[in-house]
Amino acid sequence: MKILILGANSYVGARIYIELAKKYSVVGTYFSKKISDKFLYLDITQEAETREFILNQKPDTIIHVANNPYSAWCEENKEAAILLNQTSTSWIVDAANGLGAKLIYISSIAVLDGDVYGNTKLESEKIVKKTKNGYLIFRLGLVLGMSPNTGNDRTFNTLIKNLENNTKAAYNDSKKHIITYLGQLCEVTEYCLQKNIWNETVLIASEEARTRCEIAKDLLTPFGIEVEADRNGAKIPPRAGDFSRLKELSLPFYTYDQAAVKIIEEIKNKEQYRI
């Protein structure tokens, strides 16, 4: 099986890349700040180039992780966000259909928010369901876990910087988040590929919500890093989550505590997460 990962250079995409490359023939793309010479350049906002690239690669399965996940950027750059996070999805689906390829789309629980970012993800989900040979939509919460891409400002990478710099950390203690363990996402992806599970929309996350401060304490305290609570802002409950398909399909599942144990081990062995 040949797998094409669009956005393999991203925090989420890079971890998927190294896990799947252990068993499959995998091609990954990047757009900026290339982290591996193995990756090939692609700007998915260019229609002709995107179609040509996919058709030339002839993948059996495409994993689409090439979106901008920052809500503030999407609000400030609405047209660019729609082009990158939504319009390009239709070109990817068309190319997949032209090849008879399957498509896995990495979405977000933010589809429930009603902002620009959430709306582009929700509309992309509708487009992805037009993939003729099979699709999967994985909705993620706040993603945590080691990745070859430690250079961007995702929450987990900020935690790693606190650890590497041995600095006291202050994190928000107002908003609760549903947590997605990055290793679980990779396990679910591989499980679905092996078991031939398609045409599903699945929330991949633990049911227990935590604030960023609680997460930081759980993951940094074992390494001797002091964590303070930033209590600015009103208390915000987590987004609602439907975990029914995750359980009904018997997909790999972690409680928050189980995920935290796995992540701490990953931090201890972070050199293994290199490309």
Side-chain angles (χ1 to χ4, degrees), residues 1-42 44 53-54 57-69 92 101-108 136-161 163-164 179-195 197 202 204-206 219 251-254 258-275:
M1 178 189 296
K2 182 177 182 180
I3 299 172
L4 171 61
I5 302 179
L6 303 176
N9 205 65
S10 66
Y11 167 69
V12 172
R15 176 66 180 270
I16 296 174
Y17 179 92
I18 63 169
E19 297 296 350
L20 293 185
K22 296 174 183 177
K23 296 186 178 180
Y24 303 97
S25 172
V26 182
V27 174
T29 72
Y30 79 98
F31 173 66
S32 64
K33 298 181 181 180
K34 184 179 182 181
I35 65 171
S36 173
D37 290 337
K38 297 177 182 179
F39 294 161
L40 303 177
Y41 176 82
L42 178 64
I44 65 167
F53 184 93
I54 294 173
Q57 289 297 324
K58 297 181 174 62
D60 300 294
T61 301
I62 301 167
I63 301 178
H64 180 17
V65 205
N67 283 171
N68 188 310
I92 294 165
K102 296 178 173 64
L103 178 60
I104 299 175
Y105 179 63
I106 306 302
S107 189
S108 170
L136 287 170
I137 296 169
F138 293 150
R139 290 180 175 177
L140 311 184
L142 180 64
V143 185
L144 303 172
M146 285 302 306
S147 167
N149 185 337
T150 58
N152 62 24
D153 58 354
R154 298 295 288 263
T155 295
F156 186 77
N157 287 342
T158 303
L159 293 172
I160 294 299
K161 289 183 177 67
L163 179 58
E164 291 175 343
I179 309 304
T180 297
Y181 167 43
L182 192 47
Q184 180 190 6
L185 169 62
C186 297
E187 291 177 17
V188 169
T189 300
E190 187 172 350
Y191 185 91
C192 289
L193 290 172
Q194 291 177 345
K195 300 296 184 180
I197 297 172
V202 182
I204 302 175
S206 59
L219 299 183
L251 298 176
F253 179 80
Y254 289 85
Q258 289 171 335
V261 170
K262 296 283 286 187
I263 293 168
I264 289 169
E265 286 303 309
E266 290 181 1
I267 295 172
K268 292 177 180 178
N269 299 283
K270 60 182 179 180
E271 293 304 316
Q272 297 180 9
Y273 300 92
R274 305 283 188 190
I275 295 179

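Not measured: the values here are computed from a predicted model. Values reported hereafter were calculated over all heavy atoms of this structure, with side chains retained and with hydrogens, waters and symmetry mates removed.
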Practice task
Indicate yes or no: at least one non-hydrogen side-chain atom of T150 is less than 4.5 angstrom from one of Y273.
Solution key: no
Fill in the blank from the handout: Smallest heavy-atom separation, I267 atom then F156 atom, equals CG1-CZ, 3.9 Å
Practice task
Please round to the nearest 0.5 Å and tell me the distance separating atom OG of S147 and atom CZ of R274.
Solution key: 10.5 Å
Problem - pair L140-L182: side-chain heavy atoms closer than 4.5 Å - result: no
Handout entry: Interatomic distance, R139 atom CZ to T180 atom OG1 [nearest 0.5 angstrom]
Key = 12.0 Å
Exercise for the section: Examine distances only and state if a side-chain atom of E266 and a backbone atom of M146 form a donor-acceptor pair shorter than 3.5 Å. Expected result: yes
Exercise for the section: Apply salt bridge (charged side-chain N to carboxylate O under 4.0 Å, His left out) to E190 and list each qualifying residue two or more places apart in sequence or on a separate chain. Expected result: K23
Exercise for the section: Please name the pair of heavy atoms, one in G183 and one in R15, separated by the smallest distance, quoted to 0.1 Å. Expected result: CA-NH2, 3.6 Å
Practice task
Would you please test I54 and I92 for side-chain contact (heavy atoms from CB on, under 4.5 Å) and show each step?
Solution key: CA-CA 8 Å; I54 294 173; I92 294 165; 4.2 Å; yes
Practice task
Any chance you could measure N9, atom CG, to K38, atom NZ, to the nearest 0.5 Å?
Solution key: 13.0 Å
Problem - L6 to I62 - nearest heavy-atom pair and separation - result: CD1-CG2, 3.8 Å
Practice task
Please round to the nearest 0.5 Å and tell me the distance separating atom OG of S25 and atom CG of L20.
Solution key: 11.5 Å
Practice task
Compute the centroid of each ring, for F138 and then for Y105, and state whether the two points are separated by less than 6.0 Å.
Solution key: no
Handout entry: K161/E164 salt bridge by N-O under 4.0 Å criterion
Key = no
Practice task
May I ask you to test the L136-V202 pair for a side-chain heavy-atom distance under 4.5 Å?
Solution key: no
Exercise for the section: For the residue pair L193 and I104, establish whether any side-chain heavy-atom pair is separated by less than 4.5 Å. Expected result: yes
Handout entry: Evaluation steps, side-chain contact (heavy atoms from CB on, under 4.5 Å), between Y24 and T61
Key = CA-CA 11 Å; Y24 303 97; T61 301; over 6 Å; no
Exercise for the section: Report the distance from atom CD1 of I16 to atom CG of L185, rounding to the nearest 0.5 Å. Expected result: 4.5 Å
Practice task
First locate atom CD1 of I204, then atom OG1 of T189, and finally report the distance between them rounded to the nearest 0.5 Å.
Solution key: 6.0 Å
Handout entry: D37 atom CG: more than 12 heavy-atom contacts under 6.0 Å
Key = no
Fill in the blank from the handout: Smallest heavy-atom separation, C192 atom then L251 atom, equals SG-CD2, 3.9 Å
Practice task
May I have the step-by-step check of side-chain contact (heavy atoms from CB on, under 4.5 Å) for N149 and I275, ending in yes or no?
Solution key: CA-CA 9 Å; N149 185 337; I275 295 179; over 6 Å; no
Handout entry: CA sep, side-chain torsions, deciding dist, call: I197, Y191, side-chain contact (heavy atoms from CB on, under 4.5 Å)
Key = CA-CA 8 Å; I197 297 172; Y191 185 91; 3.7 Å; yes
Problem - S10 versus G7, closest heavy-atom pair with distance - result: OG-O, 2.7 Å
Handout entry: Modelled atom types, side-chain donor and acceptor of K262 and Q184, under 3.5 Å
Key = no
Fill in the blank from the handout: For I44 and A66, the nearest pair of non-hydrogen atoms, with its separation, is CD1-O, 3.1 Å
Practice task
Could you tell me whether the side chain of Y181 reaches within less than 4.5 Å of the side chain of I263, counting heavy atoms only?
Solution key: yes
